[in-house]
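The structure under discussion appears below in the form of structure tokens.
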Number of protein chains: 2
Amino acid sequence: MSELHLKNALDTLKKTGVRITPQRHAILEYLIESMSHPTADDIYKALEHRFPNMSVATVYNNLRVFREAGLVRELTYGDNASRFDFVTSKHYHIICESCGKIVDFHYPGLDEVEHLAAHVTGFKVNSHRLEVYGICPECAKKENQTEE
Amino acid sequence: MSELHLKNALDTLKKTGVRITPQRHAILEYLIESMSHPTADDIYKALEHRFPNMSVATVYNNLRVFREAGLVRELTYGDNASRFDFVTSKHYHIICESCGKIVDFHYPGLDEVEHLAAHVTGFKVNSHRLEVYGICPECAKKENQTEE
DNA sequence: TTATTTATTTATAATCGTTATAATTAGTTT
DNA sequence: AAACTAATTATAACGATTATAAATAAATAA
Ligand SMILES: [Mn+2]
Ligand SMILES: [Mn+2]
Ligand SMILES: [Zn+2]
Ligand SMILES: [Zn+2]
């Protein structure tokens, strides 16, 4: 499953003339296998034992390469560090306001919102961003325990 | 109209024991009357002729005070500076990917998405964030003119 | 009113994520 | 192998924001 994703991603990169370096391979592999939404620094820390000399700039550079190749989506959050999501199926995110955890969920596209927005504003619509915020089950449990 | 908004906002602040300083008054006034989504620096620049000694930290401090009082919403965009929106009616934003313009539009709440997300993830849902991205009419016109 | 307390502002330094730069290294092509 | 080019590294710079501490202004007490 994840091997196939990795193989396809490497093929995509090769096709656009991007060299497959050990660092690139490792970053992609980590993104796919971690199944999470790591920051650049998460990735850097996860790989530093295998690449003791790797620069954090390399992580950022390659995440940009992957993004431009359409392999990775960058999730931005104001002040906080961006998180990166290997692109598989289209999905949305729900985010815990207590611990920051990000969980995927699927929902049929919000075409109607895009159409209405285009209609009332005259914009040519390209995309939308939707996130749901709340408290994850684990944090909710903790809160109940601590509560008076 | 905007005078009433300002008056209500000042009342809200007074009720929570926040002093109404000339700087606070001016920042609030600007937020309400500009009818736009300025950055902290936009506000700072707009008021520097009236308050030549005002610090940019004062703008940030007060925007935080306003946000905590529920008067202002902060719109965050990754690397770029936050934009601030005086809270009136609930609405969404459509953002031009070419010039950065932000335009309001109204849409009935997306309760269904929140419910589904809560159901499939077990989260306690508090809110959501939706933005539509595209090209504004002005930028679209420019692009067509430049095109081959 | 004057003195005292407390909130706010100012000036400035620090922080943090990210990007730019330049030198070095590694991969590719001839 | 030599030459060329892409990628990595080390490090400095950047920009938005926050922290700090001193100065000032507002509110309250005397
Ligand atoms: Mn995801
Ligand atoms: Mn708005
Ligand atoms: Zn949580
Ligand atoms: Zn535009």
Side-chain angles (χ1 to χ4, degrees), chain A residues 9-10 12-30 37-69 71-85 100, chain B residues 9-10 12-30 37-69 71-85 100:
Chain A
L10 294 173
T12 302
L13 290 176
K14 270 182 210 150
K15 260 176 221 149
T16 55
V18 174
R19 291 181 186 167
I20 311 303
T21 65
Q23 293 91 336
R24 275 191 184 142
H25 193 282
I27 294 170
L28 259 185
E29 202 176 28
Y30 181 78
H37 304 86
T39 64
D41 202 58
D42 290 337
I43 299 170
Y44 176 68
K45 284 195 170 61
L47 300 180
E48 67 180 350
H49 66 288
R50 284 172 57 195
F51 298 88
N53 294 321
M54 185 166 65
S55 168
V56 70
T58 297
V59 178
Y60 279 103
N61 286 341
N62 288 324
L63 288 170
R64 177 155 33 90
V65 169
F66 300 158
R67 172 162 51 77
E68 287 167 355
L71 294 174
V72 161
R73 181 154 300 143
E74 181 174 359
L75 313 172
T76 63
Y77 298 103
D79 234 11
N80 304 114
S82 287
R83 294 172 169 277
F84 295 86
D85 198 6
Chain B
L10 293 173
T12 302
L13 290 177
K14 270 181 208 147
K15 261 176 220 148
T16 56
V18 174
R19 291 179 186 170
I20 311 303
T21 65
Q23 294 92 334
R24 274 190 186 144
H25 192 283
I27 294 170
L28 258 185
E29 203 176 29
Y30 180 78
H37 305 84
T39 63
D41 202 58
D42 291 337
I43 299 169
Y44 176 67
K45 285 196 167 61
L47 300 180
E48 68 180 350
H49 67 288
R50 285 171 58 196
F51 299 89
N53 295 321
M54 185 166 65
S55 168
V56 69
T58 298
V59 178
Y60 278 103
N61 287 341
N62 287 325
L63 288 170
R64 177 153 33 90
V65 170
F66 300 158
R67 172 162 52 76
E68 286 167 356
L71 294 174
V72 161
R73 181 152 302 143
E74 181 175 359
L75 314 172
T76 63
Y77 298 103
D79 234 11
N80 304 115
S82 287
R83 294 173 168 278
F84 296 86
D85 197 7

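Chain letters run A, B, ... following the sequence lines, proteins first and then strands; every chain starts at 1.
In summary, contact between chain A and DNA chain C, defined as any nucleotide atom under 4.0 Å from a heavy atom of the protein, begins and ends at C:dG17 to C:dT28 in the 5' to 3' direction.
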For DNA chain D, the expected dot-bracket line (Watson-Crick or G-U under 3.5 Å, [ ] crossing, | inter-strand) is ||||||||||||||||||||||||||||||

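If you find the closest nucleotide of DNA chain C to B:P52 and to B:G17, the one lying nearer the 5' end belongs to B:G17.
Within residues 20-28 of chain B, no residue places a heavy atom under 4.0 Å from DNA chain D.
Residues passing the side-chain contact (heavy atoms from CB on, under 4.5 Å) test with A:A69, sequence neighbours excluded: A:L13, A:L71. Listed by chain and number, the residues in a side chain to side chain donor-acceptor pair (under 3.5 Å) with B:R83 amount to none (sequence neighbours excluded). Judged as a side chain to side chain donor-acceptor pair (under 3.5 Å), and not counting sequence neighbours, the contacts of B:T76 are B:R129.
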For nucleotides 11-20 of chain D, tabulate all protein N/O to nucleotide N/O atom pairs closer than 3.5 Å, reporting atom names and distance.
{"residue": "D:dT17", "atom": "OP1", "partner": "B:S82", "partner atom": "N", "Å": "2.9"}
{"residue": "D:dT17", "atom": "OP1", "partner": "B:S82", "partner atom": "OG", "Å": "3.2"}
{"residue": "D:dT17", "atom": "OP2", "partner": "B:Y60", "partner atom": "OH", "Å": "2.3"}
{"residue": "D:dT17", "atom": "O5'", "partner": "B:Y60", "partner atom": "OH", "Å": "3.4"}

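What separates CZ of B:R19 from C1' of D:dT24 is a distance of 11 Å, to the nearest Å.
Counting only distance, with no hydrogens or angles, the side chain of B:R24 and the backbone of B:R19 share a donor-acceptor pair below 3.5 Å.
B:A40 approaches B:V59 most closely through the heavy-atom pair O-CG1, 3.5 Å.
Within the structure, every pair that satisfies the side-chain hydrogen bond (donor to acceptor under 3.5 Å, both in side chains) test and touches residues 45-59 of chain A, not counting sequence neighbours, is listed here: A:D41-A:K45. Residue pairs meeting the salt bridge (Lys or Arg N to Asp or Glu O under 4.0 Å) criterion with at least one member in residues 54-68 of chain B, sequence neighbours excluded, are B:R67-B:E74.
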